[in-house]
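Everything quoted here is computed from the prediction, not taken from an experiment.
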Amino acid sequence: MKTMIKRLCIFAAGAAALVSAALATSCEKDETQEKYVYILDNDKNGIQEVSFNTAGGTQDFLMYSNYGSWKLVPTYEEDLEWLSYWPTEGVGDARFSAMVEKNTTAYQRHGTLNIVVDGLSVATIRFNQAGDEPKLKVNVKESGKTVSVKGETFTVGVESNIDWVAELVDPADASWVTIGDFTPVSQTFTCAANPGSEPREAQVRIRAYGTSVSCVFAIMQADRSSAFEEAEKITVADLLAMGEGKIARNVYVAGSVISDRTTRNYPVAYSTGGGEQVNNTMFIQDETGGLWIEFDDAADNTCDLNQVVTLHMYGQHIERDAYTNGLKIAGLSSTAVQSAVAGTPVEPVVIDDLTKLPAYENRLVTLRNVEFALPYGTLVNINEGVSYLGIKQGAAYQASADYNDLTIEYGHYLRDAKGNTAKLYSLSKTVMQIGPWTDNAGAMQSVTASVGQGQLKHSVGEDVLGSTSGNTQQMYLAWAHARCTAATWDAVKNAWLPAYGNTKGVQYVAVMAQGWWKNTAAVNTDTDGCCWILSNLSTKGFTGQISLQFTASSNTAGPMYFQMEWADTDNAKTWTPIGNEYVASNWHNSIAAPEYLFVLPDELKDRESFSIRLRATRQRNASDTENTASGTSRIGVVRMSCLDL
């Protein structure tokens, strides 16, 4: 926001009164009146310069002028990349505003806005903005870059908000390392072949101009004795048996590619609060084991499914993945791939005992005689470690809910005929996730997405309350119970009794609302039926097939029929249906809230902003007994995902 205002030396607070008096004089005096223009802030202080921090912000201006028609014009057109203003022109006295965008660079920005009359500047406003802290990062691991003894050319990615330069720490290393072409986000290096009998190493520095910020990494090259022609072939199992660290033996492995870089059937890159699916991953297997490989650069991953590849392993690194705790080859050089030829598909190993799965890590397997313990779509996706299995869960009930662990992937439990379990993970990419809900004590204006962009609202009100009861104007939290049998009606208590009662031991949290039909408090809806509203969604950058999933149900008297629709904004008058009308289950007669999945239309791919609503379409209750919908309906975790095909 604004941090400084420099006042004009001319009068300020009294300017408005003086101008008003001047404008009140007779018309015949206008021709001889001295021309003036005064620029003031909202407090009537003269203003000719404003300064902003890196976050940017807006500034309103008052202008008093007898020049007639005027335009706002920047001194340099490139300033329009970060400085905008409106209106851009007018006549006489006016109000206008200017907005300064967030500055992510390390450079200060300065610009001048001119008040132009008949092609001449009659007044100026100076805009200043601070620069961000210098940032510099390269995509080279701490262990450095290992290059082939035959020489190679490779590219290093650079993330920086300031200009930078690459240089050799020791200029003598220029005898075998050449600093090549560069772009704002990359630097190319070419390493000559090593003709000697000794390994060699060079230090490279990427340095930010005018600062002390820099990144230094090593380029390592072995001697001729480590050439592939001298390498020993070993199995994948023997390679993994070496354990973590740099591979010092001159060895190679051969195996069949079992990953498909077209469909990207490999894990995402795991990170706190979300992640990005990367294309540098490959899996191969031989008769002894499977090998997880991460190339140094996604462009190096050119091997196709079912190809037989030969990989030179000398100087590569075996690391333990922080998320899976499994071993992998990290930062494989493109020159490590000695050959890749067409092969036949690998025949998966068939197992029906889930306890044998660890023996086939990173290999193709076929699972037989297994079932989903809790199908995500018929029951509810939570851990079965609860009291009815003889395990006390205690107060930390949410920790057992797989979609309450704040990760971007949901585990689905498999069970074999002997009762053994394993967890299966989906490989789709999360675009947006709203939830899991928290048992908040205070009201919130809306529920904001924990991954991606978007909010959940309801057309009968804006408050989300941390309670299990509310009124027709409120959207509030309620407990949704997972149970093995349907609820039963207790005539004495005049209430439905879920199998586990109303404890917090075996359940997830849902958001619930009332007042679904012809509610006078409804906003953002022009129909009789109210709706859940997913507001300000974005799929920018996602061009694959996108789907929306959520769990939903209603109580006995709640609404039964819904329609999913989309529009550009919440208050649009025209909405486009997505799929057919769907039915929300009666919570009291079902085991748990079913999951609904809608494939979104192609118009919603790579879209900057749009809204989706789940609209009640009929005055019919979830018991399907009466044409009334006076009860409640609940919605669980909402997730939008994309398969980047």
J.: Would you say Lys135 has more than 12 foreign heavy atoms packed within less than 6.0 Å of its NZ?
T.: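 It does: Lys135 NZ has more than 12 such atoms within range.
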
J.: Taking all heavy atoms of Ser538 and all of Arg607, pick out the closest pair and write down the distance.
T.: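 In terms of heavy atoms, the two residues are closest at OG-O, 3.4 Å.
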
J.: For residues Thr539 and Leu604, report the shortest heavy-atom separation together with the two atoms involved.
T.: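 Answer, listing the atom of Thr539 first, then Leu604: OG1-O, 2.5 Å.
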
J.: Testing the basics here: between Trp86 and Ala98, what is the closest heavy-atom pair and its distance to 0.1 Å?
T.: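 Minimum heavy-atom contact is CZ3-C, 4.3 Å.
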
J.: With no hydrogens and no angle check, just 3.5 Å: does a side-chain donor-acceptor pair link Thr617 and Gln563?
T.: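 Side-chain D/A pair, Thr617 to Gln563: absent.
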
J.: Assess whether atom CG of Asp606 is packed by more than 12 heavy atoms of other residues, nucleotides or ligands within 6.0 Å.
T.: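 More than 12 heavy atoms, drawn from other residues, nucleotides or ligands, come within 6.0 Å of this atom.
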
J.: Counting heavy atoms not belonging to Glu78, are there more than 12 under 6.0 Å from its CD?
T.: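 Atom CD in Glu78 is crowded, with more than 12 foreign heavy atoms closer than 6.0 Å.
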
J.: Does a donor on one side chain and an acceptor on the other come within less than 3.5 Å for Thr188 and Thr155?
T.: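 Thr188 vs Thr155: donor-acceptor pair found between side chains.
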
J.: Over 60° means perpendicular and under 30° means parallel, so classify the ring planes of Tyr582 and Phe562, tilted if in between.
T.: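 Answer is parallel, since the angle falls under 30°.
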
J.: Taking the side chain as every heavy atom from C-beta outward, state whether Phe61 and Leu40 have any pair of such atoms under 4.5 Å apart.
T.: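 Counting from C-beta outward, Phe61 and Leu40 never come under 4.5 Å.
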
J.: Would you check if there is a donor-acceptor pair between the side chains of Asp568 and Ser611 at a distance under 3.5 Å?
T.: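 Side-chain D/A pair, Ser611 to Asp568: absent.
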
J.: On a heavy-atom basis, which atom in Pro559 and which in Thr632 lie closest, and how many Å separate them?
T.: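 Where Pro559 meets Thr632 most closely, the heavy atoms are CD-O, 4.1 Å.
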
J.: In this structure, is the centre-to-centre distance between the rings of Phe550 and Tyr596 below 6.0 Å?
T.: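 Between Tyr596 and Phe550, the centre distance is under 6.0 Å.
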
J.: Return yes if a side-chain donor-acceptor contact under 3.5 Å exists between Ser535 and Asp570, otherwise no.
T.: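 Distance-only check passes for Ser535 and Asp570.
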
J.: Has Ser554 got a side-chain atom pairing as donor or acceptor with Ala584's backbone, closer than 3.5 angstrom?
T.: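 Checked: no pair found.
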
J.: Does a side chain donor of either Asn536 or Ser609 reach within less than 3.5 Å of an acceptor in the other side chain?
T.: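 Yes, because at least one side-chain N or O of Asn536 sits under 3.5 Å from a partner of the opposite role on Ser609.
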
J.: When you look at Tyr38 and Lys44, which way does the side-chain contact (heavy atoms from CB on, under 4.5 Å) test go after all the steps?
T.: CA-CA 10 Å; Tyr38 303 118; Lys44 306 296 178 61; over 6 Å; no

J.: Evaluate side chain to side chain donor-acceptor pair (under 3.5 Å) for Ser65 paired with Asp93, printing each intermediate quantity in order.
T.: CA-CA 5 Å; Ser65 171; Asp93 300 343; 6.0 Å; no

J.: Restricting to non-hydrogen atoms, name the atom on Lys71 and the atom on Glu89 that form the minimum distance, rounded to 0.1 Å.
T.: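 Taking Lys71 first and Glu89 second, the nearest heavy atoms are CG-CB, 3.9 Å.
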
J.: Taking the inter-plane angle between the rings of Trp566 and Phe610 on a 0 to 90° scale, is it parallel (under 30°), tilted (30 to 60°) or perpendicular (over 60°)?
T.: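 If you compare the ring of Trp566 with that of Phe610, the planes turn out perpendicular.
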
J.: Would you find more than 12 non-hydrogen atoms of other residues, nucleotides or ligands less than 6.0 Å from Tyr107 atom OH?
T.: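 For Tyr107, atom OH is crowded (more than 12 foreign heavy atoms under 6.0 Å).
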
J.: Students often mix this up, so state it plainly: with edges at 30° and 60°, are the rings of Phe182 and Trp164 parallel, tilted or perpendicular?
T.: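 Aromatic pair Phe182/Trp164 classed perpendicular.
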
J.: Under 6.0 Å from the ring centre and within 45 degrees of the ring axis: does the NZ or CZ of Arg620 meet both conditions for the six-membered ring of Tyr561?
T.: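 No, Arg620 does not lie over the aromatic ring of Tyr561.
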
J.: Apply side chain to side chain donor-acceptor pair (under 3.5 Å) to Ser641 and Gln549, showing your working.
T.: CA-CA 8 Å; Ser641 60; Gln549 307 101 42; 3.1 Å; yes

J.: Using atom types as modelled and distance alone, determine if a side-chain donor or acceptor of Tyr85 lies under 3.5 Å from a backbone N or O of Leu72.
T.: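 Answer holds: yes.
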
J.: If you draw the axis of the six-membered ring of Trp532, does the NZ or CZ of Arg613 fall within 45° of it and under 6.0 Å from the ring centre?
T.: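 Judged by the rule, Arg613 and Trp532 form no cation-pi pair.
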
J.: Quick check: closest heavy atoms across Asn519 and Cys530, and the distance to 0.1 Å?
T.: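 Looking at all heavy atoms of both residues, the shortest contact is CB-SG, 3.8 Å.
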
J.: I'd like to know if the side chain of Asn128 pairs up with that of Glu49 as donor and acceptor (distance under 3.5 Å, no hydrogens or angles considered).
T.: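 Present: a donor and an acceptor within the cut-off.
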
J.: When the ring planes of Trp70 and Phe96 are compared, do they come out parallel, tilted or perpendicular, using 30° and 60° as the limits?
T.: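 It falls in the tilted class, 30° to 60°.
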
